[in-house]
Amino acid sequence: MTLTITPNPQLDRETVHSVVSAGNVACLLPVLYQLTGEEKWLSAPYTPRSPRGFEELNDGGLPPEIRAEIHDAVTDAVLDWCNGKPPAYPSPSGAELARLMSTAMGESIGAEYSPMVAEQLGFAPYQPVDIGSRIQDSRNDFHVVIVGAGISGLVCAINLEKAGIPYTIFERDEHLGGTWWANRYPGARVDIPSDLYSFSFHPKNWSEYFARRDEIFDYVSDVAREHGIVERVRLRHTVDSAVWDDADQRWVLSVTGADGRQHDVGATALVTAAGLHSTPNIPAYPGISEFTGQIVHSAQWPADVDLTGKRVAVVGSGASAMQLVVAISEQVQSMTIVQRQPQWITPNEHYFAPSDTAKHWLFDNIPFYRGWYRFRLYWLYTERTFAALPVDPDRAAKGKQVSSLNDAFRAHFTAYLEHQLGGDADLIRRTTPDHPPFGKRLLIDNGWFATLRKSNVELLTDRVERLTPTGIVTADGVAREIDVLILCTGFQQQRFLFPMEIRGREGTSLRESWSDDNGRAYLGITTPGFPNLFFLYGPNTNPPGGSYITIAEAQVRYIVESISRLVTDDLASIECRPEPYERYNEELDAANDAMVYAMDGVDSYYRNTSGRVVTNSPWPVREYWSRTTHPEPSDFVSTPLR
């Protein structure tokens with residue numbers, strides 16, 4: 001991340017000082033230490049205040065005279081660097097890096113975070129070993145197939161490319177991009193800050209704090225093109241099934257091409273990157289075939305839909321529904337929102353904020369600054385969130401519903417909701433969740449509460465009972481005439497890899513072994529009985545906060561090293577042993593059972609039909625990253641080449 005910045009000796013002091021003075025003090029302090037090596041910047045009186053909530057806190061909570069001293073020192077250090085003085089500490093690690101993290105956040109942070117942060121900030125970037133020449137010499141039939149060209153599939157392809165490992169990506173849609181191609185509904189944007197929801201190895205100066213769908217899609221496409229991935233993607237190719245051939249020691253895939261014809265493809269290893277949010281959930285309402293209006297799912301948005309002056313019903317009140325409802329509320333004649341369950345919603349002053357041009361200048365001209373800015377976002381949106389998820393085992397004795405922190409979040413969100421709804425007691429009652437915060441995905445207010453108060457918007461809490469030729473009938477028996485039914489009904493997240501059929505050794509069906517919706521895997525990546533099969537965004541790898549891209553990069557490192565070992569150790573296959581698989585899942589289930597989203601009465605897509613949490617990881621992102629740092633050979637049965 002820092003290697004893309006080239007010193008510019010033409011910069012003048014006035015320019016540097018002006019922009020540095022607009023920067024975030026907490027990011028400038030570790031930059032100053034890295035450039036100069038001066039210890040004083042890591043202690044009082046320069047220590048910034050820890051931010052509250054999601055605040056930027058650009059001034060660090062420091063008095064003007066201290067900020068002025070820091071700005072002067074950074075300006076001097078940057079100009080020295082531009083004139084050829086090397087940084088004192090370009091690649092901090094261990095306890096030294098922990099001190100810099102603590103300074104950047106104004107709170108104590110342990111060295112256990114250092115390896116992950118060093119990789120993410122570019123101090124020790126992951127670089128796979130190139131084994132391409134060895135493959136050409138001895139394994140010229142070696143080939144990897146990736147299913148899916150979304151975020152995780154592209155990360156995998158980029159690192160296989162670096163390792164010199166031949167691969168092909170099959171993507172069922174007509175464009176790469178995964179969820180950022182499929183979700184084209186009005187108002188779609190990311191709910192993680194753009195500078196965090198991006199590849200650590202490919203920074204971008206985003207136009208908005210929370211980027212809209214089109215900009216993210218363009219970014220993903222640009223990354224694929226710049227890394228030479230596009231020509232390896234086979235669009236409109238659906239992998240229908242995959243069967244392990246033990247005699248040939250390889251996977252045989254049945255693929256339906258763009259022409260509709262089916263053919264077989266062989267693969268040494270198979271990586272599934274189908275994503276968690278890929279197969280839409282379409283309710284089978286009685287009367288749906290008789291409805292004469294238009295039915296649209298948010299993840300299948302047609303380009304020609306026109307909602308101007310239409311009577312619209314939206315089923316759902318989750319993230320997609322919130323974004324879509326606010327975006328279309330002014331153009332429709334009327335809108336009926338069928339809320340299945342209310343959601344906890346947090347304010348965020350940055351939601352519609354444009355990205356600061358001064359920040360971009362700092363990213364492009366000040367070494368290490370972008371990395372520290374990204375680290376602060378990670379801490380605020382990941383570690384801070386996770387602390388509210390574990391259930392306090394002594395909560396009853398303490399008079400708490402979940403924990404002191406979680407209860408404090410509930411009070412804050414409730415007060416915000418009541419203020420936004422202006423004392424409307426009925427609307428407050430209908431929009432106040434009965435589950436604790438973080439029991440479901442936390443949403444960001446994008447004008448949702450204000451939209452609910454509009455005269456053309458109606459919020460219902462009764463489910464859709466059936467459709468008529470001209471409208472909907474809710475469970476209370478009331479019929480409403482509509483022109484368009486919009487389904488924000490989510491995805492079949494619990495049915496991993498559906499509808500693809502995968503059979504391993506002895507014809508064992510993966511779907512049957514998972515009882516359809518009870519996916520389990522070691523580290524969420526691999527499972528016994530299925531050699532050379534690796535999952536991206538597999539069971540229990542949904543992070544409990546922050547950006548999934550960090551998880552994807554960790555999983556890809558593990559998978560690429562595992563696949564590389566097939567070549568370096570002359571192996572036909574590696575297969576997860578049952579013992580580590582069972583230990584891991586027992587530990588995982590016990591940890592998940594202690595989380596807020598597993599409490600009685602909390603119902604969400606995190607859980608399957610039997611109530612088990614199948615999507616979420618119960619560990620902080622840093623811990624999962626540590627578990628997947630390197631594959632342990634003893635966790636696998638290794639089969640030599642015949």
Side-chain angles (χ1 to χ4, degrees), residues 182-189 213 277 279-343 345 420-421 424 426-433 440-441 443 445-492 603 605:
N183 287 275
R184 301 185 295 276
Y185 60 84
R189 69 171 67 219
R213 176 265 170 195
H277 313 290
T279 303
N281 183 40
I282 311 293
Y285 295 125
I288 194 169
S289 60
E290 284 83 43
F291 180 63
T292 57
Q294 189 172 13
I295 300 177
V296 180
H297 191 282
S298 59
Q300 298 172 332
W301 198 263
D304 59 350
V305 65
D306 183 6
L307 301 176
T308 305
K310 299 290 180 65
R311 299 166 299 175
V312 174
V314 178
V315 180
S317 57
S320 299
M322 278 185 62
Q323 294 178 338
L324 190 148
V325 161
V326 173
I328 68 174
S329 62
E330 291 295 330
Q331 72 180 106
V332 302
Q333 174 186 321
S334 63
M335 181 157 50
T336 300
I337 303 168
V338 185
Q339 173 185 271
R340 294 182 290 178
Q341 285 186 322
Q343 310 275 352
I345 298 171
Q420 290 294 306
L421 295 178
D424 185 328
D426 182 59
L427 201 50
I428 290 172
R429 176 185 58 81
R430 284 184 285 154
T431 55
T432 301
K440 299 174 130 186
R441 182 177 177 181
L443 305 181
D445 186 17
N446 63 335
W448 172 255
F449 292 123
T451 300
L452 294 183
R453 301 179 67 183
K454 291 183 176 180
S455 59
N456 66 331
V457 176
E458 177 187 25
L459 178 68
L460 304 180
T461 56
D462 287 304
R463 70 183 186 279
V464 173
E465 188 73 21
R466 57 188 173 88
L467 301 188
T468 69
T470 58
I472 62 171
V473 179
T474 47
D476 58 1
V478 178
R480 289 169 175 81
E481 300 287 297
I482 63 169
D483 304 306
V484 182
L485 177 63
I486 299 176
L487 302 174
C488 294
T489 47
F491 303 86
Q492 300 190 41
D603 180 30
Y605 72 76

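The structure presented is a predicted model; accordingly, all values stated were derived computationally and were not measured.
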Pairwise side chain to side chain donor-acceptor pair (under 3.5 Å) hits with a residue in residues 303-314, at least two apart: Asp306-Thr308, Arg311-Asp483
Summary of side chain to side chain donor-acceptor pair (under 3.5 Å) pairs that have at least one residue in residues 280-290, sequence neighbours excluded: none
Flag side-chain contact, heavy atom, 4.5 Å: Leu307 against Ile486: yes
Shortest non-hydrogen separation from Ala299 to Pro280 and the atoms involved: CB-CG, 4.3 Å
Closest contact, heavy atoms only, Thr489 versus Arg340: CA-NH2, 3.6 Å
Distance in Å, Gln420 CD paired with Leu452 CG, rounded so as to fall on 0.5 Å steps: 10.5 Å
Closest heavy-atom pair and its distance - Pro469, Thr292: O-OG1, 2.6 Å
Side chain to side chain contact (heavy atoms under 4.5 Å, CB included) partner of Thr336, chosen from Leu460, Val314, Val457: Leu460
Any side-chain heavy-atom pair of Arg430 and Leu459 under 4.5 Å: yes
Residues that Tyr605 engages under ring-ring contact (aromatic ring centres under 6.0 Å, His included), provided they are two or more places apart: His277
Short side-chain to backbone donor-acceptor contact, Thr470 and Glu481, under 3.5 Å: no
Heavy-atom pair with the smallest gap, counting every atom of Phe291 and Gly471: CE1-N, 3.7 Å
Straight-line distance of Ile482 CD1 to Gln294 CD, nearest 0.5 Å: 11.0 Å
For the student: nearest non-hydrogen atoms of Ser298 and Tyr185, plus distance: O-CD2, 3.3 Å
Separation of Gln331 CD from Ile328 CD1 (nearest 0.5 Å): 6.5 Å
Separation between CZ of Arg189 and CG of Asn183, rounded to the nearest 0.5 Å: 14.5 Å
Note, Met335 side chain near Ser329 side chain (heavy atom, < 4.5 Å): yes
Side chain to side chain contact (heavy atoms under 4.5 Å, CB included) evaluation trace for Ile472 with Val338: CA-CA 10 Å; Ile472 62 171; Val338 185; 4.2 Å; yes
Within-4.5 Å side-chain heavy-atom neighbours: Ile295 and Leu467: yes
Sub-4.5 Å side-chain heavy-atom contact between Gln300 and Leu487: no
Interatomic distance, Ile288 atom CD1 to Arg466 atom CZ [nearest 0.5 angstrom]: 14.0 Å
Euclidean distance, Ser317 OG relative to Gln341 CD, rounded to 0.5 Å: 8.0 Å
Closest heavy-atom pair and its distance - Asn456, Gln333: CB-O, 3.4 Å
Any donor-acceptor N/O pair, Asp445 side chain to Trp448 backbone, under 3.5 Å: yes
Student check: side-chain heavy atoms of Leu427 and Phe449 closer than 4.5 Å: no
